[in-house]
Amino acid sequence: MACIELQQIAHRYPALPGEASAYAVQPLSQVWQDGGAYALLGPSGCGKTTLLNIISGLLRASAGRVLFDGVDVTGLSTERRNIAQVFQFPVVYDTLSVADNLAFPLRNRGLKSAEIETRVATVLQLLGLEHMARVQARSLNADDKQKISLGRGLVRTDVNAILFDEPLTVIDPHLKWKLRTELKKIHQQFGHTMIYVTHDQTEALTFAERVIVMYEGAVVQIGTPQELFEKPAHTFVGKFIGSPGMNVLPCATDAGNLLLAGKVIGKLPYSASGAGQLELGIRPEYVSLVATAAGNPDSLPAVIAAVEDNGKHFVVRASINDLPISAIVREGTVIPESPRIMLDPAKINLYRNSHLVNA
Amino acid sequence: MKTQNNKAWLMVVPVLLLVALSAIIPLMTVVNYSVQDTFGNNEFFWVGTEWFQEILQSERFHNALLRTLLFSGLILAIEIPLGIAIALAMPRGGVWVSVCLVLMALPLLIPWNVVGTIWQVFGRVDIGLLGHGLASVGIDYNYTQNTFDAWATLIIMDVWHWTSLVVLLCYSGLVAIPEVFYQAARIDGASRWSVFRYIQLPKIKRVLLIAVLLRFMDSFMIYTEPFVVTGGGPGNATTFLSIDLVQMAVGQFDLGPAAAMSLIYFLVILLLCWVFYTVMTSHDNETHEGVHRAGGRP
């Protein structure tokens, strides 16, 4: 187990003919604390996997240094970094049995057979695969194969970190939850440093203590799940996390007032001076519908386009002066005939050029 | 139900006719000759299994069969590992891939008798580059008089001609292995040998089976090249089954024994192919049984 430090790491893949080479990972520095459970969250192609492969050494970054516990490992091969990594698609050694698959990384490192046996037995039990220890790995289904891929990381108790690259993509939905819970338990039990790459926000938010959100090769926010939800640092984070994502609407200020669609909707929550486009962000959870302007002076008239029932609550798709806005209201709420929209002033975040204006 | 079955038969009739014309009817002619004796004039005498017994007991047949088995064995023992090794060494991307593939495909495009002629000339001590070259450095090489030299020439020729096929098949299997398997192997600290043994070999097993079967059948039936290069000599040293068969049928016009020998030859090939196939796929079957025993899902 180790504290992993990235110093000014950046990576470009070789340019394809006729294309300019773009950064897959823009220069970034980041420390992953020993024993931490991190999630790297972002849309496909944002550089998450590249970053993971740089940590494990499968890829040599074009610039920057990687340190494990303060020791520079930038030039070390994957084998010598002692990292476990689980990939998106299950990798098993077809001709080996389940138990031999789990023993494989230990045998390669020349451990004593008695110790190998103990560890393999422990992991088999942990993953609930004891009954198929002697079965050829090739004949298993995708779920079990992925468990083996995972198990090959877990048998190595001395690894510096376990990296997961969207490991539950091929897993049945009902098993996903179970395996994720199991991973969390394993983390609590063994205290490995774990980095979990995913584009699924639920996975990231339930697995990790800290979530790193990446967008176009750059880290846009690092925070606890709650911080990501309440105070997205970038409009992308707000839109990406949450279902539906945060409403981001162009707004203006006028003498300490906040204006939306040309109308005052309340006092500015905090000063937001500066140049560039100003936007307000508000979660649909904090948008409410009212029937009349009486008693709600800051409400705005809205046109409702659709009401979606997702079983738990209604998602109201509306617009204010053609600005689309979503609201989440309680299941069974009667939608008013000429509805007005209210924003919870305490929950409004202001963004200038897509970046959060700090209070 | 019955109507449907009849329709199905109707659909396969064209194929049956085609197979009958191309394979079964000519084969029946051979069967016909193998159980009868003829002295010309379209006179035939029933001899039963006499020709078969004669062939199976003849030393000439035993020797030819052993020579052919040895030849095929050596060919497989050389071409399969060599083919795998070359396929492993070939580049996986870039311009060199096309260069390698074209170079590999070249020998395969040359007709058999031309290959024979090339090597016949190449190996000649008086004018051949190989033969003359060896002679000039003091190596006593002569494939027309020395048994070992004749065998070596034929085997090197076949390796030169057909290893490419094994290479191309294995290469196609190797490039189909997803990169993530190699990455996982690096994570697991696997050695180069382990990567080959536990990832590459299992993944190319299917194409390797095809390569083994093709190379076995082809080398077991080899005729043109040894006929052109050595003519079966020196003595009978390179008289393989096919050469022996043609001598018997065309040279001596012993149609009965030749027909019996053809059938035995055919059955031997069929049997050995079945053995190869069974041995190389036995692992898969065990696997499935294993799952059922353990109550896992297939």
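Chain letters run A, B, ... following the sequence lines, proteins first, then strands; residues in each count from 1.
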Please output the residues of residues 104-112 of chain A in contact with chain B, using a heavy-atom cutoff of under 4.5 Å, in numerical order.
A:F104, A:P105, A:N108, A:R109

Given a strict heavy-atom distance threshold of 4.5 Å, which part of [X] is in contact with chain B: side chain, backbone, both, or neither?
| X | value |
| --- | --- |
| A:L58 | both |
| A:D165 | neither |
| A:R156 | side chain |
| A:V86 | neither |

Provide the closest heavy-atom pair for B:R186 versus A:E79 in the form atom of the first, atom of the second, distance.
O-CG, 3.4 Å

State, to 0.1 Å, how close B:F181 and A:V92 come at their nearest heavy-atom pair, and which atoms those are.
CE2-O, 3.6 Å

Please say whether more than 12 non-hydrogen atoms of neighbouring residues, nucleotides or ligands are located less than 6.0 Å from CD in A:E130.
yes

More than 12 heavy atoms of other residues, nucleotides or ligands under 6.0 Å from CH2 of B:W160: is that the case?
yes

Pick from B:S191, B:A190, B:P202: which one has the most heavy-atom pairs with chain A under 4.5 Å?
B:A190

About how many Å separate CD of B:Q183 and OG1 of A:T78, when rounded to the nearest 0.5 Å?
8.5 Å

Hey, what do you get for CD1 (A:I162) to CD1 (B:I187), rounding to the nearest 0.5 Å?
11.0 Å

